[in-house]
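Right, one structure below, let's go through it.
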Amino acid sequence: MMSPFSSVLLALRKRHDLRQSELAAMVGCDQSYISALEVGLKGPPAEQFVQSLIDTLQLESDEAKELLRASSASSRKLTIKADAPQDVYTLVNELRENLPRLPPATVRILIGVVRLANEAANTCEPARRSARQLPQEAAMP
């Protein structure tokens with residue numbers, strides 16, 4: 001399976017009508033590295049390499065943003081804040097153990113749930129603050 005970065009890199013290379021060896025020569029790396037990136041054997045490269053691709057291919061703003069987003073979305077590491085609730089650790093561990101076996105439909109459902117919760121939190125945040133302030137205001141003489 002290809003990562004988001006792999007898919008975007010392959011599509012960009014083809015849109016620019018370049019062979020892997022040509023792109024590799026342009027950005028100063030080995031053809032095998034471009035190949036490994038495109039098939040997802042390597043994780044997303046360093047930001048400096050991504051910027052080199054953007055500059056070398058003279059990507060338009062939208063294409064550059066797409067490549068940067070794909071690079072970020074392809075990260076294989078997750079950092080949990082030290083003060084995260086214990087449930088967060090449990091969730092991450094469950095995902096780490098079970099994600100390889102989850103059917104694609106279940107993965108899409110989980111993505112949807114996370115996005116929906118994020119949207120709800122962003123939409124309801126001012127209302128929550130007001131609700132928190134009301135009891136304090138009511139308690140004042």
Side-chain angles (χ1 to χ4, degrees), residues 1-140:
M1 288 290 185
M2 295 175 77
S3 70
F5 183 81
S6 299
S7 299
V8 171
L9 178 61
L10 176 63
L12 283 172
R13 183 177 59 78
K14 288 185 175 185
R15 268 198 305 266
H16 288 264
D17 198 29
L18 294 169
R19 294 177 184 206
Q20 288 179 346
S21 58
E22 294 170 327
L23 179 58
M26 291 170 73
V27 294
C29 69
D30 196 65
Q31 178 271 330
S32 62
Y33 183 63
I34 298 294
S35 176
L37 287 172
E38 287 186 359
V39 297
L41 292 177
K42 294 276 186 186
E47 190 174 323
Q48 185 178 22
F49 185 84
V50 176
Q51 191 59 53
S52 177
L53 286 169
I54 291 168
D55 296 340
T56 299
L57 296 174
Q58 298 177 345
L59 298 181
E60 297 291 328
S61 177
D62 290 344
E63 287 181 319
K65 287 178 185 175
E66 179 185 22
L67 188 63
L68 289 166
R69 262 192 304 270
S71 179
S72 176
S74 298
S75 176
R76 296 178 183 174
K77 296 179 183 176
L78 176 68
T79 303
I80 302 171
K81 292 183 179 181
D83 62 347
Q86 195 169 4
D87 285 346
V88 171
Y89 285 88
T90 301
L91 173 63
V92 169
N93 188 55
E94 289 289 328
L95 286 171
R96 180 180 22 254
E97 290 177 358
N98 295 296
L99 200 54
R101 294 183 300 277
L102 292 178
T106 303
V107 172
R108 286 191 298 275
I109 289 169
L110 290 171
I111 291 168
V113 167
V114 170
R115 287 180 179 165
L116 184 62
N118 189 39
E119 288 175 18
N122 290 337
T123 303
C124 297
E125 193 170 321
R128 283 189 201 148
R129 286 184 186 156
S130 297
R132 280 188 228 137
Q133 291 171 353
L134 288 177
Q136 293 170 350
E137 292 170 6
M140 290 183 182

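For clarity, every value in this text was computed on a predicted model and none was experimentally measured. Values reported hereafter were calculated over all heavy atoms of this structure, with side chains retained and with hydrogens, waters and symmetry mates removed.
Of the inter-residue distances, the one linking L67 atom CG with L57 atom CG reads 8.5 Å to the nearest 0.5 angstrom. For the atom pair L59 CG and L68 CG, the distance stands at 9.0 Å (nearest 0.5 Å). Rounding to the nearest 0.5 angstrom, the gap separating the CD atom in E119 from the CZ atom in R115 is 9.0 Å. If you take CG on L23 and CG on L9, they are separated by 6.5 Å, rounding to the nearest 0.5 Å.
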Ignoring hydrogens and angles, write down the donor-acceptor pairs under 3.5 Å from the side chains of residues 77-92, residues two or more places apart or on other chains.
{"from": "T90", "atom 1": "OG1", "to": "Q86", "atom 2": "O", "distance (Å)": "3.2"}

Using residues 41-49 as the side-chain source, report each donor-acceptor pair under 3.5 Å to any protein atom, sequence neighbours left out, with the distance given to one decimal.
none

Side chains of residues 95-109: which donor-acceptor pairs under 3.5 Å do they make with residues two or more places apart or in other chains?
{"from": "E97", "atom 1": "OE2", "to": "N93", "atom 2": "ND2", "distance (Å)": "3.2"}
{"from": "N98", "atom 1": "OD1", "to": "R101", "atom 2": "NH2", "distance (Å)": "2.8"}
{"from": "N98", "atom 1": "ND2", "to": "E94", "atom 2": "O", "distance (Å)": "2.9"}
{"from": "N98", "atom 1": "ND2", "to": "E94", "atom 2": "OE1", "distance (Å)": "3.2"}
{"from": "R101", "atom 1": "NH1", "to": "E97", "atom 2": "O", "distance (Å)": "3.1"}
{"from": "R101", "atom 1": "NH2", "to": "E97", "atom 2": "O", "distance (Å)": "3.0"}

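A search for side chain to side chain donor-acceptor pair (under 3.5 Å) contacts involving Q31 returns Q20, not counting sequence neighbours. Residues passing the side chain to side chain contact (heavy atoms under 4.5 Å, CB included) test with T56 are M26, V27, S52, sequence neighbours excluded. Judged as a side chain to side chain donor-acceptor pair (under 3.5 Å), and not counting sequence neighbours, the contacts of Q51 are D55. Applying the side chain to side chain contact (heavy atoms under 4.5 Å, CB included) rule to S7 yields the partners M2; only residues at least two apart in sequence or on another chain are considered. For the side chain to side chain donor-acceptor pair (under 3.5 Å) test, residues two or more places apart in sequence or in another chain that qualify with R15 are E63.
Contact check for L110 versus V114: no side-chain heavy atoms found under the 4.5 Å cut-off.
Counting only residues at least two apart or on different chains, the salt bridge (Lys or Arg N to Asp or Glu O under 4.0 Å) pairs with a member in residues 21-40 are R13-E38.
Judged purely by atom type and a 3.5 angstrom limit, S74 uses its side chain to pair as donor or acceptor with the backbone of F5.
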